[in-house]
*Asks:* 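This structure is in structure tokens; I'll ask about it shortly.
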Amino acid sequence: MLARRFLRMVTGGLLVAAASLTCAPPAAAHEAISCQGRESTHFSPGKTLLPRLVHARAHIDYTCTDGSGEAGGATGRITGQTRTSCVHVSGGLTREVVTYANGSRSVILYTDDTVAQVANANVILFRGRVLEGRGKGQRAVRTLLLLDKGLPTACLTPEGLTDASGVVSLRIEPA
């Protein structure tokens with residue numbers, strides 16, 4: 001009798017555990033993720049007065065909050081290229097890989113951008129989709145306030161402006 005009761009408890013516990021495992025991931029897969037952070041960007045070659053093809057690489061330190069309200073650290077890596085200059089900035093086609101503290105990732109491709117530029121300050125709104133990982137298929141919106149480092153006269157040199165930094169907000173929206 002004791003063995004049967006033990007067997008029923010174990011079987012019932014396994015059924016509850018299996019049900020919770022099959023139900024939890026879909027809810028988590030469509031939650032909002034909100035991140036804020038600081039970005040450092042490097043342009044190669046640097047931005048000059050005349051538009052030219054520029055490769056951009058950026059590193060971002062994020063603090064992210066998911067749908068449960070739990071906050072954690074994350075890092076972002078940006079790679080992209082665009083035809084740009086010191087007087088005309090474009091976001092171009094940009095790819096970001098966000099790696100969260102738990103090791104999961106979101107691979108995002110930004111295909112649309114809106115740019116506002118005043119002096120050495122650029123506000124860029126990126127829009128795209130999560131291609132892989134956490135939030136796959138969901139829409140991503142990234143807002144960046146980027147300040148060029150160095151003197152504006154660097155735009156007159158062949159090397160141009162090569163570095164910028166700023167603050168960024170990323171939101172992966174539920175599907």
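Every heavy atom of this structure was used, including side-chain atoms; hydrogens, water molecules and symmetry mates were not. Residues take their numbers from the sequence shown, with the count starting at 1.
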*Asks:* What residues, two or more places apart in sequence or in another chain, satisfy side-chain contact (heavy atoms from CB on, under 4.5 Å) together with Thr65?
*Replies:*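 Ala71.
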*Asks:* Give the intermediate values and the outcome of side chain to side chain contact (heavy atoms under 4.5 Å, CB included) for residues Glu31 and Glu173.
*Replies:* CA-CA 7 Å; Glu31 68 187 4; Glu173 300 176 343; over 6 Å; no
*Asks:* Tyr110: which residues meet the ring pair (Phe, Tyr, Trp, His ring centres under 6.0 Å) condition with it, sequence neighbours left out?
*Replies:*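 Once residues adjacent in sequence are excluded, the partners of Tyr110 under the ring pair (Phe, Tyr, Trp, His ring centres under 6.0 Å) criterion are Phe126.
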*Asks:* If you link I, L, V, M, F, W and Y whenever their side-chain heavy atoms are under 4.5 Å apart, who else ends up in the same group as Leu145?
*Replies:*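 For the cluster that includes Leu145, the remaining residues are Val123, Val167.
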*Asks:* Using residues 98-106 as the side-chain source, report each donor-acceptor pair under 3.5 Å to any protein atom, sequence neighbours left out, with the distance given to one decimal.
*Replies:*
unit_1, atom_1, unit_2, atom_2, d
Tyr100, OH, Ser106, OG, 2.8
Asn102, OD1, Ser104, N, 2.9
Asn102, OD1, Ser104, OG, 2.7
Ser106, OG, Arg134, O, 2.7

*Asks:* For Glu96 and Thr94, which I'm curious about, is there any donor-acceptor pair between the side chains at under 3.5 Å?
*Replies:*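 No, because no side-chain N or O of Glu96 sits under 3.5 Å from a partner of the opposite role on Thr94.
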*Asks:* What residues join Leu156 in its hydrophobic cluster, counting side-chain heavy atom gaps under 4.5 Å, either direct or through other members?
*Replies:*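 Besides Leu156, the cluster holds Leu49, Val87.
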*Asks:* Walk me through whether Arg127 and Thr114 qualify under side-chain hydrogen bond (donor to acceptor under 3.5 Å, both in side chains).
*Replies:* CA-CA 9 Å; Arg127 291 174 292 281; Thr114 305; 3.0 Å; yes
*Asks:* Among Ile172, Ile78, Leu131, which residue satisfies the side-chain contact (heavy atoms from CB on, under 4.5 Å) criterion with Ile108?
*Replies:*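 So the option named by the test is Ile172.
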*Asks:* Test side chain to side chain contact (heavy atoms under 4.5 Å, CB included) on Thr75 and Arg77; report intermediate values, then the result.
*Replies:* CA-CA 7 Å; Thr75 58; Arg77 297 268 189 243; 5.7 Å; no
*Asks:* Cys86 and Leu161: which non-hydrogen atoms are nearest, and at how many Å?
*Replies:*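 Smallest interatomic distance, heavy atoms only, reads SG-CD1, 3.8 Å.
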*Asks:* List the steps, then state whether side chain to side chain contact (heavy atoms under 4.5 Å, CB included) holds for Asp113 with Val115.
*Replies:* CA-CA 7 Å; Asp113 63 73; Val115 179; 3.6 Å; yes
*Asks:* So which residues get pulled into Val107's cluster when ILVMFWY side chains under 4.5 Å apart are joined, directly or through others?
*Replies:*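 Via sub-4.5 Å side-chain contacts, Val107 links to Val97.
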*Asks:* Please report the shortest heavy-atom distance between Thr41 and Ala56, naming the atom on each side.
*Replies:*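 Scanning both residues, the minimum pair turns out to be CG2-CB, 4.4 Å.
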*Asks:* Heavy atoms, side chains only, cut-off 4.5 Å: are Leu144 and Leu125 in contact?
*Replies:*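 No, every pair of side-chain atoms sits at 4.5 Å or beyond.
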*Asks:* Start with the C-alpha distance between His42 and Arg57, add both sets of side-chain angles, then the distance that settles side chain to side chain contact (heavy atoms under 4.5 Å, CB included), and finish with yes or no.
*Replies:* CA-CA 5 Å; His42 179 75; Arg57 289 188 328 265; 3.7 Å; yes
